[in-house]
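Okay, so here's the structure we're looking at.
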Amino acid sequence: MYWYFTQWEDAGMTEKLLAALRIKARVHQGREPQPSAGIIDSQSVKGADTVGRESRGYDAGK
């Protein structure tokens with residue numbers, strides 16, 4: 001079984017399968033096939049070089 005999984009993974013089949021199942025589930029729920037928005041958790045984004053040093057950092061209170 002693992003051999004098949006590695007072959008599928010190397011060929012990119014698992015990503016294609018996941019994408020197809022995600023679309024099918026969204027359509028089944030009456031939603032658009034592709035999402036129209038995304039969410040970024042502010043704790044995950046520490047700050048780019050373009051962000052001033054005084055406003056960079058980690059908010060442990062979140």
Side-chain angles (χ1 to χ4, degrees):
M1 184 69 175
Y2 181 74
W3 183 85
Y4 287 107
F5 172 76
T6 57
Q7 296 300 306
W8 287 5
E9 189 68 20
D10 291 345
M13 186 57 65
T14 52
E15 288 296 322
K16 292 176 187 173
L17 181 60
L18 182 60
L21 290 174
R22 183 182 311 113
I23 289 170
K24 187 171 183 164
R26 289 181 61 85
V27 170
H28 180 73
Q29 294 171 353
R31 299 162 70 184
E32 292 293 320
Q34 296 295 328
S36 59
I39 298 173
I40 298 176
D41 181 0
S42 61
Q43 282 185 326
S44 301
V45 180
K46 303 297 185 217
D49 292 338
T50 56
V51 176
R53 287 211 178 268
E54 65 280 351
S55 64
R56 284 192 213 172
Y58 178 78
D59 184 3
K62 276 192 153 187

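Side-chain atoms are counted along with the backbone in the values below, which use heavy atoms only and exclude waters and symmetry mates. All of these numbers come straight from a predicted model, not from anything done at the bench. Numbering starts at 1 and runs along the sequence shown.
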> Arg31: what forms a side-chain hydrogen bond (donor to acceptor under 3.5 Å, both in side chains) with it, not counting sequence neighbours?
Replying inline: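 Partners of Arg31 by the side-chain hydrogen bond (donor to acceptor under 3.5 Å, both in side chains) criterion, ordered by chain and then number, come out as Gln29.
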
> Which pairs, with at least one residue in residues 15-27 and sequence neighbours excluded, count as a side-chain hydrogen bond (donor to acceptor under 3.5 Å, both in side chains)?
Replying inline: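 For residues 15-27, and leaving out neighbouring residues, there are no side-chain hydrogen bond (donor to acceptor under 3.5 Å, both in side chains) pairs at all.
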
In a table with atom names and distances, give each donor-acceptor pair under 3.5 Å that connects a side chain of residues 2-13 to protein atoms at least two apart or in another chain.
from, atom 1, to, atom 2, distance (Å)
Thr6, OG1, Tyr2, O, 3.3
Thr6, OG1, Trp3, O, 2.8
Glu9, OE1, Thr14, OG1, 2.5

> Members other than Val27 in its cluster, when Ile, Leu, Val, Met, Phe, Trp, Tyr link by side-chain heavy atoms under 4.5 Å?
Replying inline: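 Its cluster mates, by chain and number, are Ile23.
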
